[in-house]
Amino acid sequence: MENKDAKNNPYYSRTDTTPLNVSNEEWKKILPSDLYAVAREAATERAFTGKYNEFDETGEYYCAVCGNHLFRSTSKFASSCGWPSFFEADKEGVYYKRDLTYGMDRVEVLCKRCDSHLGHVFDDGPKPTGLRYCMNSISLEFVPDAQK
């Protein structure tokens, strides 16, 4: 099942994992402005406002930009940080980059398929990984197990 909102996005697919090489100019024509700001310009949605912050259903999380698989709901936990948090990501779905913006030294998490900003990862999460993937809800798309 494909994302109904992705009908204007010819790059969206939950099955194709081929890396994309799409310019920000092209993404700006395709994506809603709020998703573009976070995914392509590394903006951050306000704490406690995202639709997946206090969300607890069983299923899969995909990149809202390209449909790439990112997280399984069983790795989501209540971190109380204001953004949906996971202790483990799909190793084939994400990659990491050092982020020195705003005077901080952080690790940015990006989609491996489309290079979109998802959030950051910190080393203050629960076992077994000790990681907290702090993600922007707008960068995620949830698909419940019942719809797969």
Going by an N to O cut-off under 4.0 Å, is there a salt bridge joining Asp145 and Arg72?
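Between Arg72 and Asp145 there is a salt bridge, with a charged N closer than 4.0 Å to a carboxylate O.
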Heavy-atom neighbours of [X] [atom1] exceed 12 at 6.0 Å:
{"X": "Glu41", "atom1": "CD", "answer": "yes"}
{"X": "Asp105", "atom1": "CG", "answer": "yes"}
{"X": "Glu26", "atom1": "CD", "answer": "yes"}

Common cluster, [X]/[Y], ILVMFWY with side-chain heavy-atom separation under 4.5 Å:
{"X": "Tyr95", "Y": "Val107", "value": "no"}
{"X": "Leu31", "Y": "Leu70", "value": "no"}
{"X": "Phe77", "Y": "Trp83", "value": "no"}
{"X": "Val121", "Y": "Met135", "value": "yes"}

Indicate whether any N or O donor in one side chain lies under 3.5 Å from an N or O acceptor in the other, for [X] and [Y].
{"X": "Asp16", "Y": "Tyr11", "result": "no"}
{"X": "Tyr96", "Y": "Arg98", "result": "no"}
{"X": "Arg113", "Y": "Thr17", "result": "no"}

Identify the heavy atoms of [X] and [Y] that sit nearest to each other, and give their distance.
{"X": "Phe87", "Y": "Pro128", "value": "CE1-CD, 3.7 Å"}
{"X": "Glu92", "Y": "Asn68", "value": "O-ND2, 4.2 Å"}
{"X": "Leu140", "Y": "Pro84", "value": "CD1-CG, 4.3 Å"}
{"X": "Thr58", "Y": "Ser73", "value": "CA-OG, 3.3 Å"}
{"X": "Lys51", "Y": "Phe55", "value": "O-CB, 3.8 Å"}
{"X": "Phe71", "Y": "Ala89", "value": "CE2-CB, 3.5 Å"}

Scan Tyr52, Tyr61, Tyr133 and name whichever one has a ring pair (Phe, Tyr, Trp, His ring centres under 6.0 Å) with Phe86.
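Of the listed options, the one satisfying the test is Tyr61.
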Check the pair Val65, Tyr36 against side chain to side chain contact (heavy atoms under 4.5 Å, CB included), reporting the backbone distance first and the verdict last.
CA-CA 9 Å; Val65 173; Tyr36 180 86; over 6 Å; no
Look up atom [atom1] in [X] and atom [atom2] in [Y], then write down how far apart they are to the nearest 0.5 Å.
{"X": "Arg106", "Y": "Asp99", "atom1": "CZ", "atom2": "CG", "answer": "4.5 Å"}
{"X": "Ile138", "Y": "Glu45", "atom1": "CD1", "atom2": "CD", "answer": "6.5 Å"}
{"X": "Ser137", "Y": "Leu118", "atom1": "OG", "atom2": "CG", "answer": "11.5 Å"}
{"X": "Phe142", "Y": "Gln147", "atom1": "CZ", "atom2": "CD", "answer": "8.5 Å"}
{"X": "Ser116", "Y": "Trp27", "atom1": "OG", "atom2": "CH2", "answer": "6.0 Å"}

Can you confirm whether [X] sits close enough to [Y] that some side-chain heavy atom of one is under 4.5 Å from a side-chain heavy atom of the other?
{"X": "Leu131", "Y": "Glu88", "value": "no"}
{"X": "Thr44", "Y": "Asn136", "value": "yes"}
{"X": "Lys112", "Y": "Val94", "value": "no"}

Let me see the working for Asp56 and Lys76 under side chain to side chain contact (heavy atoms under 4.5 Å, CB included), right down to the final yes or no.
CA-CA 8 Å; Asp56 189 27; Lys76 189 172 187 292; 5.9 Å; no
Return yes if some donor-acceptor pair links the side-chain N/O of Asn53 with the main-chain N/O of Phe48 below 3.5 Å, else return no.
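Flag not set: sc Asn53 to bb Phe48 has no pair under 3.5 Å.
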Return yes if some donor-acceptor pair links the side-chain N/O of Ser139 with the main-chain N/O of His117 below 3.5 Å, else return no.
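Present.
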Could you go step by step and tell me if Cys66 and Leu20 meet the side chain to side chain contact (heavy atoms under 4.5 Å, CB included) rule?
CA-CA 9 Å; Cys66 73; Leu20 296 169; 3.9 Å; yes
Is the His120 ring parallel, tilted or perpendicular to the Phe122 ring (thresholds 30°, 60°)?
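Aromatic pair His120/Phe122 classed tilted.
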Residues Glu141, Cys63; criterion side chain to side chain contact (heavy atoms under 4.5 Å, CB included); working and verdict:
CA-CA 6 Å; Glu141 177 192 25; Cys63 176; over 6 Å; no
Who are the side-chain contact (heavy atoms from CB on, under 4.5 Å) partners of His69, not counting sequence neighbours?
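If we apply the side-chain contact (heavy atoms from CB on, under 4.5 Å) test to His69, skipping adjacent residues, the hits are Glu60, Tyr62, Asp90.
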